[in-house]
Amino acid sequence: MRCSEIVRKTAETDISVKLDLDGTGASCIDTGVGFMDHMLTLFARHGGFDLEVKCVGDTQVDGHHSTEDIGICLGEAFAEAIGDMAGINRYAHAIIPMDEALILCAVDISGRGCLGYGLSIPTQRVGCFDTELVEEFFAAFVRKANISLHIKQLDGKNSHHIIEGAFKAFARALREAVAIDPALEGRIPSTKGVL
């Protein structure tokens, strides 16, 4: 079972995450940040991950601490669930249309955290959500998951569509990258023998 459970409590947030990489896409998300609830719900569904996220954060300040800390916890959960990375595909990519938006996402489960972020979101807010927090979430995730992630916007002008396309593309690419490749017969997908 490739599952994990992370609990993290700070002066700014109290977060619990449960993750099953080999799930059905079921989710129970309550972050206190409505737009993040939406993004994580579709992330779980399109990734085929069973995901529970509960966050109590200082949203009276804004959504920054909650969004970043959720990225930290979810990245830790993925790193723990993947384990030694034996037998995984390692690399994957997805190009996802969301109406007029078109997003490319490429993932390398490399053991090295690196974010190539190329979204040009035209508005500062979607509803009550500060759109600059999208990059904060992904940066926090890759640091803790130790993956290389590139997200590029190929087209799009609607902020909601661009962000939603990014989360869907990320989910699809990550789903493929963490999938077990039977041809590897449990070997580490690296000439170094370790990731």
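Because the structure is a prediction, the values reported are computed rather than measured.
Under the 4.5 Å side-chain heavy-atom criterion for grouping Ile, Leu, Val, Met, Phe, Trp and Tyr, L115 is connected to F170 within one hydrophobic cluster. Hydrophobic cluster membership differs between I15 and I72, with clusters built from Ile, Leu, Val, Met, Phe, Trp and Tyr side chains linked at under 4.5 angstrom. Criterion: ILVMFWY side-chain heavy atoms under 4.5 Å apart, direct or through other members. Under it, I29 and V33 are part of a common hydrophobic cluster. Under a hydrophobic clustering in which Ile, Leu, Val, Met, Phe, Trp and Tyr are joined whenever their side-chain heavy atoms come within less than 4.5 Å, directly or via other members, F141 and L119 fall into the same cluster. Two different hydrophobic clusters hold M98 and I121 under the rule that ILVMFWY side chains link at heavy-atom gaps under 4.5 Å.
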Exercise for the section: Would you please test K157 and E100 for side chain to side chain contact (heavy atoms under 4.5 Å, CB included) and show each step? Expected result: CA-CA 7 Å; K157 58 186 179 181; E100 89 299 340; 4.0 Å; yes
Problem - S110 and R112: CA distance, side-chain angles, deciding distance, side chain to side chain contact (heavy atoms under 4.5 Å, CB included) verdict - result: CA-CA 5 Å; S110 61; R112 300 178 302 278; 3.7 Å; yes
Handout entry: Stepwise side chain to side chain contact (heavy atoms under 4.5 Å, CB included) test for N89 and V178
Key = CA-CA 6 Å; N89 285 325; V178 303; over 6 Å; no
Exercise for the section: Give the C-alpha distance, both sets of side-chain angles, the deciding distance and a yes or no for side chain to side chain contact (heavy atoms under 4.5 Å, CB included) between E68 and H64. Expected result: CA-CA 6 Å; E68 182 178 26; H64 187 113; 3.5 Å; yes
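Rounded to the nearest 0.5 angstrom, I82 CD1 and R90 CZ are separated by 12.0 Å. Taking CG of D14 as the reference point, atom CG of D69 lies at 10.5 Å (rounded to 0.5 Å). Rounding to the nearest 0.5 angstrom, the gap separating the OG1 atom in T24 from the CZ atom in R45 is 8.0 Å. Rounding to the nearest 0.5 Å places CG of L40 at 10.0 Å from SG of C55. To the nearest 0.5 Å, the span separating CG on D22 from CZ on R175 amounts to 10.5 Å. With values rounded to the nearest 0.5 angstrom, K54 atom NZ is found 8.0 Å from S16 atom OG.
Of the N and O atoms on the side chains of S148 and D108, not one donor lies less than 3.5 Å from an acceptor on the other residue.
Comment: E80 does not engage K144 in a salt bridge, judged by the lack of any side-chain N to carboxylate O separation of less than 4.0 angstrom. The pair R2-D20 fails the salt-bridge criterion, with no side-chain N (NZ, NE, NH1 or NH2) lying under 4.0 Å from an Asp/Glu carboxylate O. Using a 4.0 Å cut-off between charged side-chain N and carboxylate O, R172 and E176 make no salt bridge.
Between the Q124 side chain and the D130 main chain, no donor and acceptor come within less than 3.5 Å of each other. Side chain of D37 to backbone of T31: a donor-acceptor contact under 3.5 angstrom is found. With hydrogens and angles disregarded, a donor-acceptor distance shorter than 3.5 Å links the side chain of D50 to the backbone of A26. The main-chain N or O of A77 is found under 3.5 Å from a side-chain atom of S4 such that the two form a donor-acceptor pair. Between the side chain of D181 and the backbone N or O of A183, at least one donor-acceptor pair lies under 3.5 Å. Within the 3.5 Å criterion, the main-chain N or O of T13 finds a donor-acceptor partner in the side chain of T10. Checked by atom type and distance alone, the side chain of T123 pairs as donor or acceptor with a backbone atom of R125 at under 3.5 Å. Using a distance-only test at 3.5 Å, with no hydrogens or angles considered, no donor-acceptor pair links the side chain of D58 to the main chain of Q60.
Put simply, the side chain of Y117 does not reach to within 4.5 Å of the side chain of K152, judged on heavy atoms. No side-chain heavy atom of I147 sits less than 4.5 Å from a side-chain heavy atom of F78. You'll find the side chain of M39 stays beyond 4.5 Å of the side chain of F43, heavy atoms only. Taking the side chain as every heavy atom from C-beta outward, I109 and L174 approach each other to under 4.5 Å. With a 4.5 Å cut-off on side-chain heavy atoms, F129 and T67 count as touching. At least one side-chain heavy atom of E164 sits under 4.5 Å from a side-chain heavy atom of H38. Inter-residue side-chain proximity for I151 and L104 is flagged as unmet; no heavy-atom pair is nearer than 4.5 Å. Side-chain contact check for L149 versus F138: some heavy-atom pair is nearer than 4.5 Å.
Considering all non-hydrogen atoms of both residues, P122 and I162 come closest at CD-CD1, 3.8 Å. Here the shortest heavy-atom pairing between I88 and A177 reads CB-O, 3.7 Å. Residues A44 and L51 share a closest heavy-atom pair of CB-CB, 3.9 Å. The nearest pair of heavy atoms linking T59 to S66 is CG2-OG, 3.9 Å. Taking both residues in full, the closest heavy atoms of I180 and A86 are given as CD1-O, 4.0 Å, listed atom of the first, atom of the second, then distance. In terms of heavy-atom proximity, A173 sits nearest to V107 at CB-CG2, 3.7 Å.
For K18, the NZ atom sits in a loose shell: 12 or fewer heavy atoms of surrounding residues, nucleotides or ligands are nearer than 6.0 Å. For H150, the NE2 atom counts as densely surrounded, since its 6.0 Å shell holds more than 12 non-hydrogen atoms of other residues, nucleotides or ligands. The number of heavy-atom neighbours closer than 6.0 Å to CZ of R8, taken from other residues, nucleotides and ligands shown, is above 12. Few gaps surround NZ on K168; more than 12 heavy atoms of other groups in view lie less than 6.0 Å from it.
In this structure, the ring of F167 has its center less than 6.0 angstrom from the ring center of F137.
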